[in-house]
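This report refers to the structure that appears directly beneath it.
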Amino acid sequence: MPTLPYAILEAPSTLGLATEGVEHLPDRLMDLGLAERIHAHRAERLAVPPKDPMPDPETGILNARAIAAWSPKLADAVEAVLDSGRFPVVLGGDCTILMGSMLAFRRRGRYGLFFIDGNADFFQPEAEPNGEGASMDLALVTGRGPSLLTDIEGRGPSVRPEDAVAFAYRDHKDQEEFGSQALPKELKAIDLPAVRAMGIEAAAREAVDHLTREELDGFFIHLDADCLDVIMPAVDFRVPDGLSWDELETALRVALASGKAVGIEITIYNPRLDEDGSAGRGLADVLAAALGAAAQ
């Protein structure tokens, strides 16, 4: 289990989306007492550059150059937390914050990625209808895409494909409809049907076993709120089915209990779509339960 105290980094970026709203994720979770509930230090809130409504002409990706310039700043902030002897809890933001988070660990060694997301996020720019980097983040951090975003600081890929696990995704129909590139064979995929067939605890243990191999220095957890079922309506792109609160908590507990998790980020929850606040409360409860248990 993590023996380090937690530190919260606020990374309210929407550079990977055409829409707004997820930038309020940190404020809502903090208002719900997440920092106090996990006894976390509040480290920093990063400023985010302005958005350009038009895709980058060279890459076809919205705000590609801003993402490439901002990601090292997030990486610096993550490293500052690590250097202070704390466990980073990064509150996004959209999924392109993953590029900054993983860059921090790429600078320090060879780390894995536990990618808990309702979507595989492996689109190539020409197949993503809106040019949104938030649909490409797993592809980009594993080296698939334009070098501007796959080779930041000349360190690409941030994660070797064989060191990542795509977990509980269920967007197979959308991948097929829009022509997303396939996940590489070396990237371990445990989609939602596989999770259902195995059971959540066994599936999570299989993922974590892959990420705790001797050659890895540890692994980072990416959590997209759209991995959840209809209990999480406050996401911009909804796909039927998904994990329950209990299933998500189990997956996080298994990951954190390994002793090899080095940080976590939370993305995509949009408070503007949370009319009665129940989705935010549920998310805060799960995070507090899993992170709190790991700290004991």
Side-chain angles (χ1 to χ4, degrees), residues 11 13-18 48-49 51-52 54-79 90 92-115 117 119-167 169 171 175 178-189 211 216-217 219-222 224 262-263 265 267-268:
S13 174
T14 63
L15 293 172
L17 292 174
V48 182
K51 295 167 70 168
D52 186 336
M54 299 301 295
D56 174 66
E58 293 185 16
T59 65
I61 299 174
L62 286 171
N63 306 298
R65 297 188 182 280
I67 293 170
W70 186 75
S71 294
K73 296 179 181 179
L74 175 54
D76 292 344
V78 171
E79 284 209 278
V90 186
D94 73 73
C95 291
T96 58
I97 69 168
L98 179 62
M99 297 165 64
S101 296
M102 288 312 305
L103 177 61
F105 292 101
R106 176 66 183 88
R107 290 171 177 173
R108 302 170 84 93
R110 179 178 174 183
Y111 288 84
L113 172 61
F114 191 16
F115 189 84
D117 201 304
N119 304 285
D121 286 358
F122 218 79
F123 274 82
Q124 65 275 35
E126 58 270 23
E128 214 296 320
N130 299 309
E132 293 183 324
S135 298
M136 311 176 201
D137 48 293
L138 182 57
L140 295 170
V141 296
T142 56
R144 303 308 204 271
S147 60
L148 175 68
L149 295 175
T150 59
D151 194 30
I152 297 173
E153 296 184 343
R155 299 178 188 271
S158 296
V159 187
R160 301 185 192 188
E162 62 268 27
D163 296 343
V165 178
F167 191 83
Y169 65 92
D171 63 329
Q175 292 180 43
F178 294 105
S180 174
Q181 61 192 335
L183 291 170
K185 292 181 179 179
E186 63 269 29
L187 193 156
K188 188 170 185 65
L211 296 168
L216 297 183
D217 297 310
F219 67 90
F220 184 72
I221 303 167
H222 163 86
D224 184 330
V262 292
E265 68 181 18
T267 66
I268 293 299

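What you see is a predicted model; the values in this text were computed from it and never measured. Computed from heavy atoms alone, side chains included, the values below leave out hydrogens, waters and symmetry copies.
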In terms of heavy-atom contacts, Ser101 and Leu74 come closest through N-CD2, 4.0 Å

Sub-4.5 Å side-chain heavy-atom contact between Val78 and Phe105: yes

Using the side-chain contact (heavy atoms from CB on, under 4.5 Å) rule, take Leu17 and Ile268 through it: C-alpha gap first, then chi angles, then the decisive distance, then the call. CA-CA 10 Å; Leu17 292 174; Ile268 293 299; 4.2 Å; yes

Taking atom CD1 of Ile61 and atom CZ of Phe123, what is their separation to the nearest 0.5 Å? 13.0 Å

Please lay out, stage by stage, how Leu113 and Met102 fare under the test side-chain contact (heavy atoms from CB on, under 4.5 Å). CA-CA 8 Å; Leu113 172 61; Met102 288 312 305; 4.1 Å; yes

Any side-chain heavy-atom pair from Leu62 and Asp56 closer than 4.5 angstrom? no

Closest non-hydrogen atom pair between Ala164 and Thr142, with its separation: CB-CG2, 4.5 Å

Indicate yes or no: does Arg106 engage Glu153 in a salt bridge with an N to O separation below 4.0 Å. no

Which value, rounded to the nearest 0.5 Å, describes the distance between Lys73 atom NZ and Ser13 atom OG? 12.0 Å

Minimum-distance pair of heavy atoms, taken over all atoms of Ala139 and Gln181: CB-NE2, 3.7 Å

To the nearest 0.5 Å, atom NZ of Lys188 lies from atom CG of Leu183 at 12.5 Å

Which heavy atom of Gly16 sits nearest to which heavy atom of Asp94, and what is that distance? N-OD2, 2.8 Å

Any side-chain heavy atom of Phe122 sitting closer than 4.5 Å to one from Gln175? no

Kindly give the heavy-atom pair with the smallest separation between Ala64 and Thr59, and that separation in Å. CB-OG1, 3.4 Å

Glu128 side-chain N/O to Gly133 backbone N/O, donor-acceptor pair under 3.5 Å: no

Value for OG (Ser71) from CD1 (Ile152), rounded to nearest 0.5 Å, stands at 4.0 Å

Under 3.5 Å, is there a donor-acceptor pair between the side chain of Asp171 and the main chain of Ala120? yes

Can you sort out the partners of Asn119 under side-chain hydrogen bond (donor to acceptor under 3.5 Å, both in side chains), two or more places apart, ordered by chain and number? Asp226

For a quick test of reading the model, state the closest non-hydrogen atom pair linking Gln124 to Gly179 and the distance between them. NE2-O, 3.0 Å

side-chain contact (heavy atoms from CB on, under 4.5 Å) assessment of Val90 paired with Ile97: CA-CA 9 Å; Val90 186; Ile97 69 168; 4.0 Å; yes

Please test Leu138 against Tyr169 for side-chain contact (heavy atoms from CB on, under 4.5 Å), starting from the C-alpha separation and ending with a verdict. CA-CA 12 Å; Leu138 182 57; Tyr169 65 92; over 6 Å; no

Would you call Arg155 and Pro72 a side-chain contact if the rule is heavy atoms closer than 4.5 Å? no

Students often mix this up, so state it plainly: with edges at 30° and 60°, are the rings of His222 and Phe115 parallel, tilted or perpendicular? parallel

Under a 4.0 Å threshold between the charged nitrogen and the carboxylate oxygen, would Arg108 count as salt-bridged to Asp217? no

Can you confirm whether Pro146 sits close enough to Leu140 that some side-chain heavy atom of one is under 4.5 Å from a side-chain heavy atom of the other? yes

Residues at least two apart in sequence or cross-chain that pass side-chain hydrogen bond (donor to acceptor under 3.5 Å, both in side chains) with Ser180, listed by chain then number, are none

Do Arg110 and Asp163 touch side chain to side chain, with heavy atoms closer than 4.5 Å? yes

For Lys51, I'd like to know if atom NZ has over 12 heavy atoms of other residues, nucleotides or ligands within 6.0 Å. yes

About how many Å separate OH of Tyr111 and CZ of Phe220, when rounded to the nearest 0.5 Å? 12.0 Å

Do Asp137 side-chain atoms and Thr96 backbone N/O form a donor-acceptor pair below 3.5 Å? no

Side chain to side chain contact (heavy atoms under 4.5 Å, CB included) filter on Glu186, not counting sequence neighbours, yields Arg144, Pro161, Glu162, Pro184

Looking at side-chain heavy atoms only, is the closest gap between Asp224 and Cys95 below 4.5 Å? yes

